[in-house]
Amino acid sequence: MFKLMRSGLLAVTCMLAAMTTTAVAGPPLTAVALPHDEAPHHNFLEWWYFVGHLSGVDPSGQTRKYGYEVTVFQVDAVPPLMATYSAHFAITDHRTGKHVAEHRIKSAAIPNSSNRFDLEVAGWTASGTSGTYALNAVMSDQKYSASLNLQASLPPVLHGNSGIIPYGPFGSSAYYSYTSLNTTGTIVDNGVPIAVTGTSWQDRQWGDFNILAPAGWNWFSIQLSNNVQYMLYYIQDAFGSIVQKVGTKVVNGVATPIPASQMSLDILDYWTSPKSLITYPNKWRVNVPGGSMTVTPVQKAQELFKFGHRTYWEGDSTVTGTLGGQSVNGAGYTEVNPYFQPYLSLP
C-alpha cells in the first residue's frame with residue numbers, strides 16, 4: 001500500500017510541477033548526432049521506446065507469437081532535483097489473445113553517461129548504443145518476462161530535418177529510429193521459457209514539450225516483408241483534427257521524408273476501453289505516395305491504463321496494402337495517444 005501511495009504521490013508531484021510551467025527549458029534542440037545522442041538529455045521529457053514481433057516454438061512443438069513493448073520515460077520536471085522515470089512493459093500473446101501490461105516508476109538522478117544509455121526502473125533494464133541493445137523485464141506476477149538482445153540490420157533514421165521534427169501543439173522534438181533490429185532472446189510464458197526470434201523497432205524522442213497541450217496522435221511503425229519501413233505520425237489538436245503530419249519511408253536503409261501533403265489517414269473502426277472509457281481508433285488506412293496500407297490490430301484490447309499515468313493504446317498490428325501497383329504485407333506497431341484524457345497525467 002505504501003508503495004502505491006508513494007507512486008501516486010510522485011505522479012501528482014510531477015503533475016503539479018509541470019502545471020507551474022509549460023515545460024522546463026533545457027538545452028536547445030540541435031541536429032541529432034549519434035552515438036552521442038543515445039545518452040540521456042536534460043530536456044523536460046525523453047523516452048526510449050522498443051516494440052517488436054517475436055516467435056518461437058514451445059516444448060509441445062507449437063509455434064508461439066508475441067508482440068512486446070518496453071518503454072522508459074524520463075521526466076526532468078524540476079531540475080536540479082531528481083528526474084522521474086516511468087517504465088512500461090507489455091506483451092500481446094497471439095495464442096491466448098491476451099494483452100498484459102505493467103507500469104513501474106522511480107526517481108533518480110539523470111545518468112552522466114556518454115554515447116549510450118543504461119536505464120533501470122524497479123528491476124527492469126534497457127541499455128545499449130549504436131544499434132546494439134539489451135532489454136529485460138518481468139511482470140510482478142511472474143507470468144510473462146522478456147530477456148532480449150537487439151542488433152540493427154539497418155542504419156539509424158533521423159526524422160524531419162537532421163532529426164528535428166515539428167511536433168504540432170507540443171512544440172518541436174528531436175527524433176530518430178532504428179527501424180529494423182534483429183532480435184533474439186527468451187520469453188517466459190506462464191513459467192515456460194520459449195526461445196524467440198524476430199524484429200524490433202526503436203524510437204527515441206526528447207524535447208521541452210508542452211505536455212499539457214490538449215492534443216494527441218496516431219503513430220505507426222510499419223515493417224514490410226520487402227525490407228521497406230514507414231514511420232507515420234499524425235498529430236491532432238484538442239478537437240481531434242490532424243494539424244501536423246510527419247513521415248519517413250526507408251528503403252534498404254535509405255530514408256526519405258514523406259511530404260505532409262501526401263500523407264492522409266482514414267479511421268476504419270473503433271474500440272471503447274472498459275477501463276478508461278476512452279474510445280480509440282482501432283483500424284486504419286494510411287495513405288502514402290504510391291498507394292495505401294490497412295493497419296489492423298491483432299486484438300482490440302491493447303491499452304496501457306493506470307490511474308495517474310497518461311493512458312494510451314499501443315498495439316501489435318498486421319499490415320496489408322498496395323504500393324506502386326504491388327501487393328505488400330508486413331507487421332507494425334500502432335500508438336494512439338488520445339487527444340482527450342479524462343484526467344491530467346504524465347507518462
Side-chain angles (χ1 to χ4, degrees), residues 49 51 53 67 69 92 99 157 159-160 165-170 173 175 177 179 201 203 205 213-226 228-251 255-273 276-304 311-341:
Y49 166 101
V51 290
H53 314 277
E69 174 194 359
T92 299
H99 174 262
V157 172
H159 300 291
I165 66 167
Y167 210 22
F170 300 103
S173 175
Y175 184 17
S177 303
T179 63
W201 176 294
D203 253 22
Q205 286 188 245
W217 59 73
N218 287 242
W219 171 92
F220 303 86
S221 65
I222 293 174
Q223 297 164 312
L224 298 177
S225 59
N226 61 1
V228 174
Q229 298 88 38
Y230 285 86
M231 184 288 297
L232 304 172
Y233 229 141
Y234 300 86
I235 301 165
Q236 300 164 292
D237 65 12
F239 302 99
S241 298
I242 295 172
V243 294
Q244 189 78 59
K245 293 177 284 187
V246 181
T248 307
K249 179 182 180 181
V250 184
V251 180
T256 303
I258 301 173
S261 61
Q262 298 180 33
M263 292 172 56
S264 63
L265 179 67
D266 301 313
I267 307 301
L268 305 180
D269 198 6
Y270 293 88
W271 172 75
T272 299
S273 165
S276 68
L277 303 182
I278 296 172
T279 296
Y280 297 91
N282 209 245
K283 185 177 181 179
W284 307 261
R285 181 169 52 246
V286 293
N287 305 297
V288 296
S292 65
M293 294 170 282
T294 298
V295 180
T296 305
V298 300
Q299 59 195 66
K300 289 181 175 294
Q302 298 185 78
E303 181 187 48
L304 282 87
T311 293
Y312 63 103
W313 189 96
E314 187 79 40
D316 188 2
S317 305
T318 61
V319 181
T320 59
T322 302
L323 296 173
Q326 301 294 317
S327 296
V328 296
N329 65 84
Y333 250 84
T334 306
E335 181 173 294
V336 183
N337 192 320
Y339 59 88
F340 170 76
Q341 292 266 338

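In this chain, numbering begins with 1 at the start of the sequence shown. Everything numeric in this text was worked out from a predicted model, so none of it was measured.
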Can you tell me how far [atom2] of [Y] sits from [atom1] of [X], rounded to the nearest 0.5 angstrom?
X: L304; Y: N337; atom1: CG; atom2: CG; value: 11.0 Å
X: Q326; Y: N226; atom1: CD; atom2: CG; value: 9.5 Å
X: Y270; Y: T279; atom1: OH; atom2: OG1; value: 9.5 Å
X: D316; Y: T296; atom1: CG; atom2: OG1; value: 11.5 Å

With a 4.5 Å cut-off on side-chain heavy atoms, are [Y] and [X] touching?
X: W217; Y: F170; result: yes
X: Q205; Y: Y49; result: no
X: M293; Y: V288; result: yes
X: I235; Y: P169; result: yes
X: P281; Y: N218; result: yes
X: W284; Y: L232; result: no
X: I258; Y: P289; result: yes
X: L265; Y: F220; result: yes

Could you pull out the closest heavy-atom pair between [X] and [Y], with the gap in Å?
X: Y312; Y: E314; answer: CE1-OE1, 3.3 Å
X: V319; Y: G332; answer: CG2-N, 4.0 Å
X: W313; Y: K300; answer: NE1-O, 2.7 Å
X: W201; Y: Q229; answer: CZ3-CB, 4.0 Å
X: Q299; Y: T92; answer: OE1-CG2, 3.4 Å
X: A215; Y: Q236; answer: CB-O, 3.0 Å

T256/V251 under side-chain contact (heavy atoms from CB on, under 4.5 Å): CA gap, chis, key distance, verdict: CA-CA 8 Å; T256 303; V251 180; over 6 Å; no

Parallel, tilted or perpendicular: rings of Y333 and H53 (30°, 60°):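 Answer is tilted, since the angle falls between 30° and 60°.
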
Parallel, tilted or perpendicular: ring planes of Y175 versus H159, cut at 30 and 60 degrees: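 The arrangement is tilted - the two ring planes meet at 30° to 60°.
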
Check against side-chain contact (heavy atoms from CB on, under 4.5 Å), V51 and E335: CA-CA 11 Å; V51 290; E335 181 173 294; over 6 Å; no

Side-chain donor/acceptor of [X] to backbone N/O of [Y], under 3.5 Å:
X: S317; Y: G315; value: yes
X: Y339; Y: P214; value: no
X: S225; Y: N329; value: yes
X: Q223; Y: T179; value: yes

Worked verdict on Y230 versus L323 for side-chain contact (heavy atoms from CB on, under 4.5 Å): CA-CA 12 Å; Y230 285 86; L323 296 173; 3.6 Å; yes

D203 and S177: side chain donor to acceptor below 3.5 Å: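 Distance-only check passes for D203 and S177.
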
Electrostatic pair D269:K283 at N-O distance under 4.0 angstrom: no

Working for side-chain contact (heavy atoms from CB on, under 4.5 Å), residues Q302 and V336: CA-CA 10 Å; Q302 298 185 78; V336 183; over 6 Å; no

Over 12 foreign heavy atoms within 6.0 Å of NZ, K245: yes

